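No experiment lies behind these values; they were computed from the predicted model shown.
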Amino acid sequence: MCIKTILEYYSTLKMQELKALIEKEIRLELRQRYALNGMILYIVCTVFVCYMSFALKVKDIEPITWNTLLWIILLFTAVNSITKSFTQESSGRQLYYYTIASPQGIILSKIIYNIVLLLALSLIGLFIYIIFLGNPVQNLLMYLTAVLLGAIGFSSTLTMVAGIASKAENTSTLMAVLSFPIILPMLSMLIRLSKNAMDGLEWNTSYDEILILLAIDAIVITISYLLFPFLWRS
């Protein structure tokens, strides 16, 4: 009974810590609204350039081109929005976090916050993209599932890589090099799943892609949880 009480207390304490760290991330984002507004402006401008380049020229964009362009936009949006996960905080502030919070809480809070942020940006981008370039998707629910899995995968991968890259000088270049081997198979599965959604295929034809994406997301989050404490101590 005593052990059960201790475990419950420890779990409650960890949840409170995680909640406080997520609230911290939200406050930091609200103080730097220019960054969020800049990302929305980036999405709008990129979609408009695609509209000017394709829709006004050929009138009817091919579905495969429509799908590929969207995922390219979402990928670069993820890279640009998550790069600042660790670089926006000074070394003194990170040292302060080191004294009051656990490294597991730090990395989980950043992953959860970046998932929510990237999912919101992805949905905004998808909405604007549909307005400008039409909607060839026949199974919208499956496509939204692909967007959700993509947001989880991109956020968890890039958050951990951002933590590693923050220890070096050239953060952007290092992020691109380290994240490429993980992002590439994930992006391949996402494009395949979203293509099935565009073709209106049944859910049972996409179970393999969904399970692979879930497995990749789970592996990346687990590795981040286990290995980030060693990175944090350095």
Heavy-atom pair with the smallest gap, counting every atom of [X] and [Y]:
X: M198; Y: P136; answer: CE-CG, 3.4 Å
X: I191; Y: S194; answer: O-OG, 3.0 Å
X: E209; Y: R192; answer: OE2-CD, 3.0 Å
X: S81; Y: L121; answer: CB-CD1, 4.1 Å

Hphob cluster co-occupancy, [X] + [Y], side-chain heavy atoms under 4.5 angstrom:
X: L140; Y: I64; result: no
X: I72; Y: I183; result: yes
X: L214; Y: V147; result: yes
X: L158; Y: V116; result: no
X: V44; Y: F76; result: yes

Report yes or no: does [X] contribute a side-chain atom to a donor-acceptor pair with the main-chain N or O of [Y] at less than 3.5 Å?
X: S156; Y: G153; answer: yes
X: Y129; Y: I43; answer: no
X: S224; Y: V220; answer: yes
X: S155; Y: I152; answer: no

- [ ] Please lay out, stage by stage, how L123 and L144 fare under the test side-chain contact (heavy atoms from CB on, under 4.5 Å).
- [x] CA-CA 8 Å; L123 292 176; L144 291 176; 4.0 Å; yes
Which distance, rounded to the nearest 0.5 Å, do you find between the [atom1] of [X] and the [atom2] of [Y]?
X: D208; Y: L213; atom1: CG; atom2: CG; result: 11.0 Å
X: I212; Y: S188; atom1: CD1; atom2: OG; result: 9.0 Å
X: K195; Y: M142; atom1: NZ; atom2: CE; result: 12.0 Å
X: L117; Y: I82; atom1: CG; atom2: CD1; result: 7.5 Å
X: I111; Y: I107; atom1: CD1; atom2: CD1; result: 4.5 Å
X: L190; Y: I210; atom1: CG; atom2: CD1; result: 11.0 Å

Contact between [X] and [Y] at the side-chain level, heavy atoms closer than 4.5 Å - yes or no?
X: N139; Y: L201; result: no
X: L69; Y: V47; result: no
X: T145; Y: W203; result: yes
X: L21; Y: Y113; result: no
X: I223; Y: M160; result: no

Open item on the list: Working note: T205 + N196, criterion side chain to side chain donor-acceptor pair (under 3.5 Å); need CA distance, chi angles, decisive distance, verdict.
Closed with: CA-CA 8 Å; T205 62; N196 292 343; 4.6 Å; no
- [ ] Going by the ring-ring contact (aromatic ring centres under 6.0 Å, His included) test, name the single residue among F127, W66, Y51 that passes it with F132.
- [x]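 The residue from F127, W66, Y51 that satisfies ring-ring contact (aromatic ring centres under 6.0 Å, His included) with F132 turns out to be Y51.
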Open item on the list: For Y225, is the OH atom crowded, meaning more than 12 foreign heavy atoms sit under 6.0 Å from it?
Closed with: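 No.
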Given [X], which partner from the list [options] fulfils the side-chain contact (heavy atoms from CB on, under 4.5 Å) test?
X: F154; options: L118, D217, T77; answer: L118
X: W71; options: N67, T68, L75, I73; answer: N67
X: L70; options: L126, I130, L133; answer: L126

Task: side-chain contact (heavy atoms from CB on, under 4.5 Å) between L193 and L149, intermediate numbers included - done: CA-CA 10 Å; L193 175 60; L149 293 173; 4.2 Å; yes
